[in-house]
Amino acid sequence: MEPRVVSVKQAYELPIGTRITVRGWVRSRRDSKGVSFIELNDGSRFKSLQVVVPAGALTEEALHHITTGACISVTGTLVESPAPKQPVELQLESLHLYGTADSETYPMQKKGHSFEYLREIAHMRVRGNTFGAVFRLRNALAHAVHQFFQERDFLYIQTPIITGSDCEGAGAMFRVTTLDLENLPRTPQGTIDWSQDFFGKPTYLTVSGQLEAEIFALAFGKVYTFGPTFRAENSNTPRHLAEFWMIEPEMAFYELEDNAQLAQEFLQSTIRYVLDHCQEDLEFFHQRIDNTVLETLEHVATSPFERITYTEAIQILQKAERDWEFPPVWGNDLQTEHERYLTEEAFKKPVIVTDYPREIKAFYMRLNEDGHTVRAMDVLVPRVGEIIGGSQREERYDVLLERIRESGLNEQDYWWYLDLRRYGSAPHSGFGLGFERMMMYITGMKNIRDVIPFPRTPGNADF
RNA sequence: UCCCGGGUAGCUCAGUCGGCAGAGCGAGUGGCUGUUAACCACCAGGUCGCAGGUUCGAAUCCUGCCCCGGGAGCCA
């Protein structure tokens with residue numbers, strides 16, 4: 001009977017004595033006199049499979065090519081391992097070499113590398129322990145996100161990546177054009193004639209699907225987006241990317257309190273999912289990346305978040321005995337040092353801050369009865385800072401129009417957004433969550449460039 | 001974009017006062033009858049980020065640029 005072709009993950013679940021074929025990449029080879037050991041990893045789980053090459057099973061020449069990085073297929077029998085580090089190992093019968101990896105030039109060594117170096121070899125770093133764990137976890141978390149919303153009857157919508165509105169107000173945008181930049185068409189007035197561009201008008205990569213999600217929320221009730229967004233900000237920090245993935249739920253008939261409750265349940269539920277499904281990878285992060293992640297995740301998954309208003313936050317910060325670089329003053333936005341203090345020291349857990357001054361928040365956030373705060377909320381978590389930003393949206397036509405005008409925006413650009421308030425308006429709320437920031441929070445990874453497959457940052461779009 | 005710190009062997013780094021370019025790891029070679037980031041021995045390996053300048057002489061001092069990291073701002 002032909003041996004079953006299985007993954008390393010499956011191999012560990014099969015009974016002793018099963019004949020199998022496993023294919024993957026060599027992590028390392030250790031030779032002793034008469035016996036060799038191959039660590040074979042195929043990405044299916046963190047742990048590799050130890051392949052035992054008995055004396056004489058392979059020629060000296062064949063063994064010579066089984067180096068770190070080589071791709072092989074191995075057929076053999078699962079046997080109990082005499083050593084304690086693994087329950088089973090594969091006793092080799094035959095081996096096929098798919099692709100060699102010249103050890104003189106192969107950039108991944110058996111020993112550890114710095115993340116900075118690994119970023120320069122993003123096509124190879126995925127074959128290592130850390131990035132294996134990162135991307136298996138990223139996959140599980142993406143699944144958990146969809147599961148969370150689908151179980152609650154949210155409609156998944158795909159908002160456009162190319163947008164004609166330059167008014168989403170969430171930051172600088174990348175222009176999308178097919179015009180010949182060496183020879184731009186001009187109007188009689190000498191300005192660029194965008195009517196000759198592909199879409200007949202200026203277009204950009206989206207910075208948020210929120211406004212489009214509101215359209216769908218006011219027809220389907222509860223919706224969410226999960227897709228790439230783009231910011232052309234010259235941000236050089238471990239927390240920012242020019243291209244990142246954002247999750248944006250939008251719910252009709254939700255007020256700010258419902259919104260905050262959903263945000264908390266979302267984080268708790270998805271974290272519970274990865275705790276239940278990614279134990280092996282999380283243990284690696286706990287041991288090698290940040291030895292607080294497991295306790296933190298358990299704690300977050302079970303205990304309620306702190307909720308305070310912006311005004312209360314300012315009072316707490318002003319009472320704190322500490323030298324602020326920027327002393328907290330009502331009316332100014334919370335600085336990074338303030339946010340960190342609140343979540344890392346004052347409460348030591350996720351904090352939801354609500355009701356910010358209208359002047360420092362976006363025009364679409366619902367104005368409170370006091371007239372000077374809006375129904376905004378930020379969810380702050382230790383280490384990462386702001387992980388969620390959201391609000392109850394302004395559903396009153398007159399108030400929204402006034403806010404657009406006082407923000408210096410062109411109301412004609414928002415004609416369809418205003419229409420949502422002219423026809424069948426309803427209270428509604430939503431938030432945006434940075435998927436990579438959540439990845440950082442869960443894994444303990446310190447740089448956002450190491451939790452996305454191919455990071456885009458100012459000056460860097462390799463791979 | 002601003003403020004710091006850095007760029008030396010494949011990787012991680014040391015390099016004193018301006019005076020012959022170093023270590024560990026990795027790779028290679030050899031050894032070892034069961035290894036676990038195996039171990040032991042030997043050996044090779046350099047555009048000192050780039051371009052100028054000062055000097056008898058520059059990895060080292062000066063100027064400009066590029067790249068990387070940390071902090072800040074912008075935000076998710």
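What you see below is based on every heavy atom in this structure, not just the backbone, and it leaves out hydrogens, waters and symmetry mates.
If you check every strand for non-hydrogen atoms under 4.0 Å, A/N447 touches sugar and phosphate atoms only. If you check every strand for non-hydrogen atoms under 4.0 Å, A/Y117 touches sugar and phosphate atoms only. Here A/P107 lies out of heavy-atom contact (under 4.0 Å) with every strand. Base engagement by A/S32 is indicated by at least one non-hydrogen atom pair under 4.0 Å involving a base atom.
Summary of the strand contacts: A/Y106 and A/S28 both lie near RNA chain B, and taking for each the nucleotide with the nearest heavy atom, the more 5' one is attributed to A/Y106. Annotation: of the two residues near RNA chain B, A/E39 and A/Q335, the 5′-most nearest-nucleotide partner is A/E39.
Interface remark: the A/N236 side chain does form a donor-acceptor pair with the B/U1 base, using a distance-only criterion of under 3.5 Å. The base of B/U35 is paired with the side chain of A/Q50 by a donor and an acceptor separated by under 3.5 Å. No hydrogens or angles were tested; on distance alone, nothing pairs the side chain of A/H113 with the base of B/C11 as donor and acceptor under 3.5 Å. For B/G34, its base sits under 3.5 Å from the side chain of A/E89 at one donor and acceptor pair at least. Judged by atom type and distance alone, A/S235 reaches the base of B/C74 through a side-chain donor-acceptor pair under 3.5 Å. You'll find a donor-acceptor pair under 3.5 Å spanning the side chain of A/Q109 and the base of B/G10, going by distance alone. With hydrogens and angles left out, the side chain of A/R449 and the base of B/C68 share no donor-acceptor pair within 3.5 Å.
Looking only at distances, a side-chain donor or acceptor of A/R437 sits under 3.5 Å from a matching main-chain atom of A/E386. A/S429 places a side-chain N or O within donor-acceptor distance of the main-chain N or O of A/Y254, the cut-off being under 3.5 Å.
For the pair A/E325 CD and B/C4 C1', the interatomic distance rounds to 13 Å; values are reported in whole Å. If you measure from atom CG of A/L433 to atom P of B/C75, you get 17 Å, rounded to the nearest angstrom. When the P atom of B/A27 is taken as reference, atom CD of A/E104 falls 11 Å away, rounded to whole Å. Here B/G28 presents its C1' atom at 13 Å from NZ of A/K110, a figure rounded to the nearest Å. The NE2 atom of A/H338 sits 17 Å away from the P atom of B/G71 (whole-angstrom rounding). What separates CZ of A/R119 from P of B/C68 is a distance of 10 Å, to the nearest Å. Here the P atom of nucleotide B/U33 and the CG atom of A/L63 are 16 Å apart, to the nearest Å. Straight-line distance from the CE atom of A/M108 to the P atom of B/G10: 18 Å, rounded to whole Å.
When the side-chain nitrogen and oxygen atoms of A/S103 are compared with OP1 and OP2 of B/G28, one or more of them lie within a distance under 4.0 Å. Contact between the side-chain N/O atoms of A/T336 and the OP1/OP2 oxygens of B/G73 is found at a separation under 4.0 Å.
With a 4.5 Å cut-off on side-chain heavy atoms, A/L282 and A/L297 count as touching. In this structure the side chain of A/I20 reaches within 4.5 angstrom of the side chain of A/L14, judged on heavy atoms. With contacts defined as side-chain heavy-atom distances shorter than 4.5 Å, the pair A/R29/A/T68 does not qualify.
Nucleotides B/U55 and B/G18, compared at atom C1', are 9 Å apart to the nearest Å. Taking the C1' atoms as reference points, B/A38 lies 42 Å from B/G71, given to the whole Å. Look at the P atom in both B/U35 and B/G30: the space between them is 23 Å, to the nearest Å.
Across every strand in view, B/U60 sits unpaired, with no contact that passes the Watson-Crick or G-U test at under 3.5 angstrom. Nucleotide B/A9 is matched to nothing when pairs are restricted to Watson-Crick or G-U wobble geometry with both distances under 3.5 angstrom. If you check B/C65 for Watson-Crick or wobble pairing at under 3.5 angstrom, you find it paired to B/G49. Pair assignment for B/C39 gives B/G31, based on Watson-Crick or G-U wobble hydrogen-bonding distances that are each under 3.5 Å. Pairing for B/A72 goes to B/U1, judged as Watson-Crick or G-U wobble with the two contacts each under 3.5 Å.
The listed nucleotides are B/A76, B/G34, B/U29; the one nearest the side chain of A/H64 is B/U29. Closest to the A/M246 side chain, of the nucleotides B/A72, B/C68, B/A76, is B/A76.
In this structure, CD in A/E89 is found 9.5 Å from CD in A/E80, a value given to the nearest 0.5 Å.
In this pair, A/F37 does not lay its aromatic ring on the base of B/G34; centres under 5.5 Å and planes under 30 degrees do not both hold.
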For A/S208 and A/E248, run side-chain hydrogen bond (donor to acceptor under 3.5 Å, both in side chains): C-alpha distance rounded to whole Å, both residues' side-chain angles, the deciding distance at 0.1 Å, then the answer. CA-CA 8 Å; A/S208 163; A/E248 294 178 285; 2.8 Å; yes
Quick one: do A/Y224 and A/Y156 satisfy ring pair (Phe, Tyr, Trp, His ring centres under 6.0 Å)? Show the steps, please. CA-CA 5 Å; A/Y224 71 103; A/Y156 174 40; 5.2 Å; yes
